[in-house]
S.K.: 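Please read through the structure below; I'll follow up with questions.
Sequence lines set the chain letters: A, B, ... in the order given, protein chains first and strands last, and positions in each chain run from 1.
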Amino acid sequence: MRYWLMKSEPSEFSIDDLEKRPHQIEHWDGVRNYQARNMMRDEMKVGDLVFFYHSNCDTPGIVGIAKISREAYPDFTAFDADNKHYDPGSKPDDPRWFMVDVQFVRKLKRTITLSELKDRPELDGLALVRRGNRLSVMPVTEAQWTYILSLE
DNA sequence: GCCAACGTTGGC
DNA sequence: GCCAACGTTGGC
């Protein structure tokens, strides 16, 4: 089993939104970065655990835990010309973009903020805190996962 | 709102 | 294949 971190802007889709979805499951659409796509398509497995991260908001940070409930399948929002993630280069018979389903597990007792994650030398290797990183999906090692949870 | 960092596009 | 221009991300 692997661990991940996935970013979402809470104004678009927050941990509370996930908790309120039917069965507390939602598809993770809109990823349009090849590196992130490859991780979702090739490496994410049902049962993998995910830190749910709120980006582009007042207090960026990890707010909850989710799990992968369905492995990669074509991101149908890429086929919809009215969708803001539309990509005419992705065809139903030859999809370019993929998504997974994530299921709510729990919220953290508090937000573990980006600024405190940056302060921890134990997390120097975490892509999230590396300069200039923009990946919206990234791997987390088991050691990093355990350490971050110990901060809760 | 600003802007640094980075990915993508497309002319050559 | 190079690289300038452009668009996006996302912290601040």
Side-chain angles (χ1 to χ4, degrees), chain A residues 2-21 26-44 48-68 71-141 143-145 147-152:
Chain A
R2 298 179 191 240
Y3 300 92
W4 306 93
L5 181 146
M6 298 171 86
K7 297 179 183 176
S8 184
E9 300 189 18
S11 60
E12 298 289 324
F13 186 70
S14 71
I15 187 78
D16 292 318
D17 294 328
L18 180 61
E19 187 176 15
K20 289 178 202 152
R21 282 290 188 275
E26 183 60 290
H27 52 267
W28 201 270
D29 62 75
V31 172
R32 296 290 181 269
N33 170 281
Y34 287 103
Q35 207 180 337
R37 177 205 68 180
N38 292 348
M39 288 188 278
M40 289 204 302
R41 186 190 60 190
D42 304 334
E43 298 182 47
M44 281 188 176
D48 285 2
L49 291 172
V50 179
F51 279 136
F52 197 113
Y53 177 89
H54 279 175
S55 66
N56 217 352
C57 56
D58 287 347
T59 308
I62 296 167
V63 295
I65 296 172
K67 65 182 176 187
I68 303 300
E71 285 163 26
Y73 59 106
D75 182 342
F76 50 76
T77 66
F79 310 140
D80 176 2
D82 295 327
N83 192 284
K84 72 174 181 178
H85 299 299
Y86 176 57
D87 178 2
S90 186
K91 311 287 190 200
D93 59 355
D94 185 19
R96 176 180 292 172
W97 305 113
F98 290 80
M99 57 189 175
V100 295
D101 286 355
V102 300
Q103 181 168 30
F104 179 84
V105 173
R106 69 175 179 90
K107 288 201 249 185
L108 298 190
K109 297 181 205 111
R110 65 180 191 88
T111 300
I112 301 176
T113 65
L114 176 62
S115 68
E116 68 185 296
L117 294 172
K118 283 180 169 173
D119 282 344
R120 304 290 181 162
E122 292 87 347
L123 299 176
D124 281 352
L126 183 65
L128 182 74
V129 300
R130 284 210 299 265
R131 175 183 165 85
N133 172 72
R134 284 170 27 188
L135 274 180
S136 62
V137 175
M138 69 188 73
V140 175
T141 68
Q144 289 164 344
W145 180 275
Y147 179 73
I148 290 168
L149 276 184
S150 78
L151 303 174
E152 182 177 4

S.K.: Tell me which nucleotide among B:dT8, C:dG11, B:dG7 gets nearest to the side chain of A:Y34.
M.R.: B:dT8
S.K.: May I ask you to verify if any side-chain N or O of A:K118 is less than 4.0 angstrom from the OP1 or OP2 atom of C:dC12?
M.R.: yes
S.K.: In whole angstrom, give the distance that lies between atom CZ of A:R134 and atom P of C:dT8.
M.R.: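 Result: 10 Å.
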S.K.: How do A:N56 and A:N133 order along DNA chain B: which one's closest nucleotide is nearer the 5' end?
M.R.: A:N56
S.K.: Measure the distance from CG on A:N33 to C1' on B:dC6 and round it to the nearest whole Å.
M.R.: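 Result: 10 Å.
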S.K.: Quick check on A:Q35: does its CD atom have over 12 non-hydrogen neighbours (other residues, nucleotides or ligands) under 6.0 Å away?
M.R.: no
S.K.: Using only heavy-atom distances, determine whether the side chains of A:D17 and A:S14 contain a donor-acceptor pair under 3.5 Å.
M.R.: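 Looking only at side-chain atoms, A:S14 and A:D17 do form a donor-acceptor pair, the distance falling under 3.5 Å.
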S.K.: Send over the distance from A:H85 NE2 to C:dT9 P, rounded to a whole Å.
M.R.: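 So the two atoms are 8 Å apart, to the nearest Å.
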S.K.: Would you mind reading off the distance between A:W97 atom CH2 and B:dT8 atom P, rounded to a whole angstrom?
M.R.: 7 Å
S.K.: Any side-chain N or O of A:K7 below 4.0 angstrom from OP1/OP2 of C:dG10?
M.R.: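 Result: yes.
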S.K.: Is the distance from OP1 or OP2 of C:dT9 to the nearest side-chain N or O of A:Y53 less than 4.0 Å?
M.R.: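 A:Y53 to C:dT9 OP1/OP2: no side-chain N or O under 4.0 Å.
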S.K.: Would a distance-only check, ignoring hydrogens and angles, find a side-chain to backbone donor-acceptor pair under 3.5 Å from A:R37 to A:R32?
M.R.: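 No: the side chain of A:R37 does not pair with the backbone of A:R32.
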S.K.: In whole angstroms, how far is the C1' atom of B:dT8 from the CZ atom of A:R32?
M.R.: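 Distance, rounded to whole Å: 15 Å.
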S.K.: Figure out the CZ/P separation between A:R130 and C:dG11, and round it to whole Å.
M.R.: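 To the nearest whole Å, that distance equals 16 Å.
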S.K.: Within this structure, what is the CE-to-C1' distance between A:M138 and C:dG10, rounded to whole angstrom?
M.R.: 11 Å
S.K.: A:D58 CG to C:dC12 P: how many Å, rounded?
M.R.: 13 Å
S.K.: Tell me if a side-chain donor or acceptor on A:D29 pairs with a main-chain N or O of A:D75 at a distance below 3.5 Å.
M.R.: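 It does not hold such a pair.
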